[in-house]
Amino acid sequence: MKTKREFAPVDEQLAYLRKGVAEIIPEPELKAKLEQSAKTGTPLRAYLGVDPTAPDLHLGHTVVLRKLKHFQDLGHTAVFLIGDFSAMIGDPTGVSETRPPLTREQVDANARTYLEQVYKILDREKTEVRYNSEWLGKMSAEEIVRLCSHYRLARMLEREDFRSRLDRNLPISVHELLYPLLTAYDAVSLHSDVELGATEQKFNLLVHREIQREYGLPGQAILTMPILVGLDGQRKMSKSYGNYIGITEAPREMFGKLMSISDELMWSYYELLTDFTERVILRLKDEVRTGVLHPMEAKMQLAHYIIANFHGEDAGRAARDEFQRVFRERQAPDEAPERRIPRGEPRRLVAVLVETGLAPSRSEAERLIKQGGVEIDGARIADIKQEIDCSQPATHLLRAGKKKFLRLVIE
RNA sequence: GGACGGGUGGGUGAGUGGCUAAAACCAGCAGACUGUAAAUCUGCCGCUCCUUGCGAGCUACGGAGGUUCGAAUCCUCCCCCGUCCA
């Protein structure tokens, strides 16, 4: 009962899809699929599988999501696959050790929060959401054995993750070998035409394609996106490295973090996290190079753009203004988290810092003060025995380190 | 099942009886410099207490016991990982 759809010319589609992509395997095949789709008026099924291993998505995840959205923009079917089953195995990709499998409860909770976040990018109405427990959870031992028979151990061990662990005498659990095979069954079940993933997923995606053919289906085309480098400018953005920007983070946090990336890294963020065209980005680059545009200005524009994407234009502008005021003009932040404490005896600053969460321990708080990282109402405190007068109502602005502010209200 | 090697702080990894809260490096934090950049430099980097001192106490080298004035270091048992043989 599908109505025949109209699609943009294939070359136009390809150009749009190619933007920012690392690799298309094989490109002629994708092109053929697009042509076929245009001819029959049938949208392609493009999918992205994500394991809900953490409660929140970060910008790194959005790189591929954006690409999936591009398929959606072109009228194809975007399938967002939640790997609720596979998450319990854990993807061995890029991992140097077996990780503990997640429990059903953790996975479910994560899956719920994922979806809400995903809709900040994908069109809620047009997205097909699937869970791989739908089919993987129902597989019989027999079916699993059959699935496994379609792949060879030597091929499996070709992959870098396993190879290097083997070489370094690190453990590899057998269930990890199952990961690419079970997720391949996703591709089989979904009848996908295209699968998206980060470059590090290439091995998995290729296995998926192969297994599809083993099951008598046309192999899907593969489209990989570059890895987004994290805030440290070195490693991929990842929660476990702590170098990430979560998409649910407050605009101000996001802004600060984005501004802390290096000028060099900024360009890859432009490339992978905005919809600016290649041409526009090149022009910006050129303006910075020739001194027409200050790099900081370019970075603020980037931060503003990204935040507006997730939180709306007003939030983007507000974050930018706030940043200007606090860090460039060194004024008090517009709003800081507030903490109320009752009136009473004078309190040790050290104790207050710990209580309010500005420092994790007294030792740490003491260190912070000694190193000149603590200010009360703009005045640096050097005395670790400093006390705060709590005898009458007052409000103080505490600053601990570069970024932590807190408004202390004595009631 | 047998033989052998290994498990140290967030990570890598030194340390084989006291000089070790544990080298070095990385990460992290603070300060300086700046554009809250990056790079660089300086310092810090288990916890608690105070008389804030090159101070005191507590906790820490897979787990549990033991030897010793004293153990990450020696012994016993256990757990975990790897290699080779079967």
Side-chain angles (χ1 to χ4, degrees), chain A residues 94-100 157 162-174 176 229-245 250-270 287-289 291-304 306-307 319-334 336 348-351 353-355 357-375 378-387 398-405:
Chain A
V95 178
S96 56
E97 60 187 63
T98 311
R99 36 187 189 198
L157 295 180
F162 290 152
R163 185 80 267 158
S164 74
R165 276 204 261 168
L166 226 39
D167 289 346
R168 286 154 50 205
N169 293 345
L170 292 170
I172 299 173
S173 292
V174 174
E176 294 180 77
V229 172
L231 300 177
D232 55 14
Q234 301 285 328
R235 298 174 295 181
K236 71 164 183 168
M237 183 174 284
S238 140
K239 180 135 191 179
S240 46
Y241 294 147
N243 62 357
Y244 68 101
I245 302 177
R252 194 171 335 150
E253 286 299 310
M254 282 184 134
F255 207 100
K257 286 184 175 182
L258 283 166
M259 290 306 288
S260 79
I261 65 174
S262 69
D263 290 355
E264 214 180 321
L265 187 57
M266 150 170 85
W267 299 115
S268 103
Y269 278 41
Y270 259 111
E287 284 178 3
V288 167
R289 194 175 47 75
V292 176
L293 180 66
H294 195 293
M296 187 187 63
E297 200 50 51
K299 209 184 288 176
M300 292 216 291
Q301 186 185 313
L302 170 75
H304 182 151
I306 291 175
I307 288 155
R320 182 187 191 131
D321 292 347
E322 169 95 356
F323 179 85
Q324 289 264 16
R325 191 166 52 246
V326 176
F327 295 106
R328 301 200 56 202
E329 294 154 33
R330 281 194 73 84
Q331 292 181 17
D334 205 23
R348 277 292 190 83
L349 175 57
V350 176
L353 287 173
V354 175
E355 244 171 77
L358 289 175
S361 70
R362 281 164 178 258
S363 305
E364 188 63 40
E366 207 171 287
R367 255 173 242 137
L368 254 180
I369 296 172
K370 277 182 183 158
Q371 294 181 131
V374 177
E375 288 176 9
R380 178 176 289 185
I381 305 300
D383 181 9
I384 55 171
K385 281 184 282 189
Q386 178 78 31
E387 295 189 329
L398 298 187
R399 176 177 189 152
K402 285 185 236 220
K403 296 172 192 162
K404 290 192 208 158
F405 290 93

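In what follows, every chain begins at residue 1, and chains take the letters A, B, ... in the order their sequences are listed. FYI, side chains are in, hydrogens and waters are out, and symmetry mates aren't considered; it's all heavy atoms of this structure.
Looking at A:Glu322 and A:Phe255, their side chains never come closer than 4.5 Å, going by heavy atoms from C-beta outward.
Within the nucleic acid shown, A:Arg380 comes within 4.0 Å of sugar-phosphate atoms alone, with no base atom in reach, counting heavy atoms only. A:Glu264 comes within 4.0 angstrom of nothing in the nucleic acid, heavy atoms only.
Taking atom CD on A:Glu366 and atom P on B:rC49, their separation rounds to 9 Å, with Å as the unit.
With hydrogens and angles disregarded, no donor-acceptor distance shorter than 3.5 Å links the side chain of A:Tyr269 to the backbone of A:Ile261. A donor-acceptor distance shorter than 3.5 angstrom exists from the side chain of A:Arg380 to the backbone of A:Gly372, with no hydrogens or angles considered.
Here, B:rG43 and B:rG6 have their P atoms 37 Å apart, quoted to the whole Å. Spacing between B:rU76 and B:rA3 at atom P, rounded to whole Å, works out to 15 Å. A distance of about 12 Å separates the P atoms of B:rA21 and B:rG55, rounded to the whole Å. Taking atom C1' on both B:rG2 and B:rU59, the two are 40 Å apart, rounded to the nearest angstrom.
Of the residues listed (A:Asp263, A:Leu265, A:Val288), the one engaging A:Lys299 in a side-chain contact (heavy atoms from CB on, under 4.5 Å) is A:Asp263, and it is the only one.
Contact of A:Gln371 with B:rG31 (side chain to base): no donor-acceptor pair of N or O atoms is detected under 3.5 Å.
Not one side-chain nitrogen or oxygen of A:Lys402 sits closer than 4.0 Å to the OP1 or OP2 atom of B:rC29.
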